[in-house]
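See structure below.
Here is the naming used below: chain letters follow the sequence lines, and residue numbers restart at 1 for every chain. None of these values were measured; they are calculated from a predicted model.
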Amino acid sequence: MGYLDTLNPRQKEAVMATDGPLLILAGAGSGKTRVLVHRIAYLIDKEGVNPWNILAITFTNKAAEEMRTRVDTLIGQGADSIWVSTFHSMCVRILRRHIDILGYDNNFTIYDTDDSKTVMKELFKRLSIDNKYIKERAVLSAISSAKDELISCEEYKKNCGSDYRGEVIGNLYAEYEEALHKANALDFDDLIVKTVELFRRAPQVLENYQERFRYIMVDEYQDTNTAQFELVSLLASKYRNLCVVGDDDQSIYKFRGANISNILDFEKVYPEAKVVKLEQNYRSTQNILDAANAVIANNSERKDKSLWTDKGQGSRIHFRQVDTAYEEADAVTDDIAGAVRKGQTRYGDCAVLYRTNAQSRLLEEAFVREGIPYNIVGGVNFYSRREIKDILAYLKTIENASDDLAVKRIINVPKRSIGQTTVNKVSDYALSQGLSFFAALCEADRIPGLGKTASKLTAFVNMIRVFRSEEDMFGIRQLIESVISTTGYVKELEESDEEDAEDRIENINELISKAEAYDEEESEGTLTDFLAEVSLVADIDSVEDDADKVLLMTLHGAKGLEFSRVYIAGAEEGVFPGMASIYDEDPTAIEEERRLAYVGITRAKDELTILSAKMRMIRGETQYNAVSRFVKEIPEELLDNRPAGNRQLTYDGQRLDGYEEGSYERNAFKSSPYGGYADRSDAFRARPKATIRPKITPEDTKPYISKAVASAGSAVKAGGNGITHPGYDVGDRVLHTKYGEGTVKNISLEPRDYKVTVEFDAVGQKIMYAAFAKLKKL
DNA sequence: CGTACTAGTCTTTTT
DNA sequence: GACTAGTACG
């Protein structure tokens, strides 16, 4: 049993505890994938378990892929028949076989978030719901949370009692469900929910899978939601050989329904569970670990554990504060370029992490400017680009005639002179006849009021029919090519003068290569499978490991990865931790951000650089943010705190007031944690809420920064919370530059600013933010 | 029916 | 600031 010798005693213990429930609390970098891989190998090799009986659930396809390869190399062969997959792809596989029990067609389509939004929009229109009152997004996220908790729309309605808003959402939930059912479509959450429903409704199906999956392993268990928990519980309830691996300190998906008590209460649910803690870290230097431990220690709700390493102290953590986000980007690229030049690292060993995708733009520009090879993970998913969604909509139309959404998307793409009015007429007809949109199109000549457009519809239907006949004989690549040439999609792009037409064509070619690769790999693969696979890819899945490129991604995206050099950009209050978490009345919101910081820090093996900018443009507003509390939570002796060049902050050659050489760097660390700033009142040490600037108007562009700084100062003085109270009150008469005179009806304090409701004599009631509106009291 | 402009919204984070 | 949906016009 040679391969067990490479494990430490704890790891070995986890590997060999094969029977019964097992909770592995695996700190960052403690070799948990290693343990899982060895455990699978051990089950097969030593315990004689049939690979067929093993199920391993990972978070991403990439992780699944990696696990399978590593098992393969360890045990030779036999790993093929292990189910290693994500929750979502596993559910798709199960549902494809059995969903007819629930009254769906087995070739159901999967709706992504965009699709769901489109459906919801149509519902809003149809039920004439005012999206000022409630937003589609809000409804969808309520539905999604309900599904994460396995709450059906009936239960939802019951729970909300007489709450009007809840009632509206409940009704929309029901309508939404019906719409999806009609389209024979499932959204992401449904994949889990319907599988649970299937298992509950069809015990013989459940038993079938219980027999099959006698040994179940779940990775990243801290990120499972209630529905996923139920799914796993059902599967494991017969043999109880359930092994879950996770780290409560790395739970960062609460917004997606992750239920941290799944891991915290595992021992309550499975009293006979064995618990193994992995605390030896094989990844990072002691300094990095100390920093991570110090930060996470500020959280209250956690299982106590502490990482250690025998790797040695390592460098101190580099903290750099720069003036602007531009300089931040330059600092990153300069540092990477320098280190590579000196032979200290290669591009592929570096990663830049940030809180929000929006931050990637400036960084990307710097990488382009410096000619440093890079890869951005995340942002707009490849498969959600317009041109890709268009082509996929053709495939979906070919494949699932009830997918109204797909049909409507492409009926006039490329332009066929089939406009909104026609689409509406067809929709009405479909609704009245109880037909799908496509079925209605097939009867175009019977639809009243269409006139000669009917022939265009018929032409469209015939085209789709031709594609359908090709489906059986063609591979997916050929089918896509046929779609492109018949519709003239690419031709239209080539002729268009749109700036990004070339990129689009490039993307379509990329899609064709992916289809080709699919055709080759999955000789049995059907169009249905291709579409399902495509809707379940995460961005991280397509990252090539061996490319020598710097990876840029969000902190969320970085979970599970490691790099020799890590840069965390935007370590500022209001950015990371983000505004929303700072103002959340629930204090655990900040704890989630802190876990994210913990994840970020522990990605680094050797060198960790944290950057923060004094000034940054967010959503068109210039913000001046204090250094992130997470930086301050790192013991000072672990930081090099090298000031980022003691320049004065200038703009257009003008010196800005309030910045003295080096003053900030010193003060930032002396001030007490969490915004209790020293007595000096320059804008930088104001709390985030004091630092939001009014939108810059064209008239005062030139010296805008110094103006902004000056007014920031006065804002701090004016209100203790940093938000200037407008110089008027409810009942006052005010003058607005555009709307004229009016009466103030209401003033309320929002997180960012005072919200003022004014009844204007000329234009009626308007709601506006005080800082923007610049109302004058009369 | 299609285009060109305007107004409003938006950002956390993702399978 | 960037994007998108909505609207007015040709």
query: Would you say the base of B:dT13 and the side-chain of A:Arg355 have a donor-acceptor pair closer than 3.5 Å?
result: yes

- request: For A:Glu365 and C:dG1, give me the distance from atom CD to atom C1', rounded to whole Å.
  value: 12 Å

- prompt: Can you find a pair of side-chain heavy atoms, one from A:Arg595 and one from A:Ile260, that are under 4.5 Å apart?
  reply: yes

query: Is it true that A:Asp148 and A:Arg256 have a side-chain N and a carboxylate O under 4.0 angstrom from each other?
result: no

message: Rounding to an integer number of angstrom, what distance separates C:dT4 and B:dT13 when you compare their P atoms?
response: 15 Å

message: Please classify the nucleic acid contact of A:Ser581 as base, sugar-phosphate, or nothing, using heavy-atom distances under 4.0 Å.
response: nothing

query: Which part of the nucleic acid, if any, lies within reach of A:Lys415 when heavy atoms closer than 4.0 Å are counted: base, sugar-phosphate only, or nothing?
result: sugar-phosphate

query: Within 45° of the six-membered ring axis of A:Tyr624 and under 6.0 Å from that ring's centre, is NZ or CZ of A:Lys614 located there?
result: no

- prompt: Could you state the CZ-C1' distance from A:Arg595 to B:dT12, rounded to the nearest angstrom?
  reply: 15 Å

query: Separation of A:His88 atom NE2 from B:dT14 atom C1', in whole Å?
result: 9 Å

query: Nearest-Å distance, CZ (A:Arg385) to P (C:dC3)?
result: 13 Å

statement: When A:Ser417 and A:Thr113 are each assigned the nearest nucleotide of DNA chain B, the 5'-most assignment goes to A:Ser417

- prompt: Within the structure, does a side-chain N or O atom of A:Thr554 lie under 4.0 Å from either OP1 or OP2 of B:dT14?
  reply: yes

field: Residues forming a side-chain contact (heavy atoms from CB on, under 4.5 Å) with A:Glu533, sequence neighbours excluded
entry: A:Tyr518

query: If each of A:Ile618 and A:Ser89 is mapped to the nucleotide of DNA chain B with the nearest heavy atom, which maps nearer the 5' terminus, i.e. the 5' end?
result: A:Ile618

message: Side chain of A:Lys121 only, heavy atoms from C-beta on: which candidate in B:dG2, C:dA5, B:dT12 is closest?
response: C:dA5

task: Taking the six-membered ring of A:Phe576 (Phe, Tyr or Trp), confirm whether the NZ or CZ of A:Arg629 is under 6.0 Å from its centre and within 45° of its axis.
output: no

- request: Let me know the distance between CD of A:Gln420 and P of C:dG6, rounded to the nearest Å.
  value: 10 Å

- request: Give a yes or no on whether a salt bridge exists between A:Glu220 and A:Lys32, defined as a side-chain N under 4.0 angstrom from a carboxylate O.
  value: yes

message: Considering every strand and a 4.0 Å limit on heavy-atom distances, what is the contact class for A:Glu593: base, sugar-phosphate, or nothing?
response: base

Euclidean distance, atom CZ of residue A:Phe59 to atom C1' of B:dT13 [Å, nearest integer]: 11 Å

Members of residues 356-364 of chain A that approach DNA chain B, where some heavy atom sits under 4.0 Å away: A:Thr356, A:Asn357

message: Parallel, tilted or perpendicular: which one describes the rings of A:His88 and A:Phe188, with boundaries at 30° and 60°?
response: perpendicular

message: Tell me if the centroids of the rings in A:Tyr111 and A:Tyr176 come within less than 6.0 Å of each other.
response: no

message: Output the rounded distance in Å from NZ (A:Lys62) to P (B:dT15).
response: 13 Å

message: By nearest atom, which of the nucleotides C:dG1, B:dT15, B:dT12 is closest to the A:Ala538 side chain?
response: B:dT15

A:Asn412 side-chain N/O to B:dG2 phosphate OP1/OP2 under 4.0 Å: yes

statement: Whole-Å distance, A:Tyr354 OH to B:dT11 C1', equals 14 Å

query: OP1 or OP2 of B:dT13 sitting under 4.0 Å from any side-chain N/O of A:Lys559?
result: no

Of the listed nucleotides B:dT14, B:dT9, B:dT15, the one nearest the side chain of A:Lys135: B:dT9

query: A:Arg137 side chain N/O closer than 4.0 Å to the phosphate oxygens (OP1, OP2) of B:dT11?
result: yes

- request: Give A:Tyr253 one of three labels, base, sugar-phosphate or nothing, depending on what nucleic acid heavy atoms sit under 4.0 Å from its own.
  value: sugar-phosphate

Pi stacking test for A:Phe255 and B:dT13: under 5.5 Å apart, planes under 30°: yes

- request: For the residue pair A:Leu531 and A:Lys396, establish whether any side-chain heavy-atom pair is separated by less than 4.5 Å.
  value: yes

message: Categorize A:Asp189 for me: base, sugar-phosphate, or nothing, with a 4.0 angstrom heavy-atom threshold over every strand shown.
response: nothing

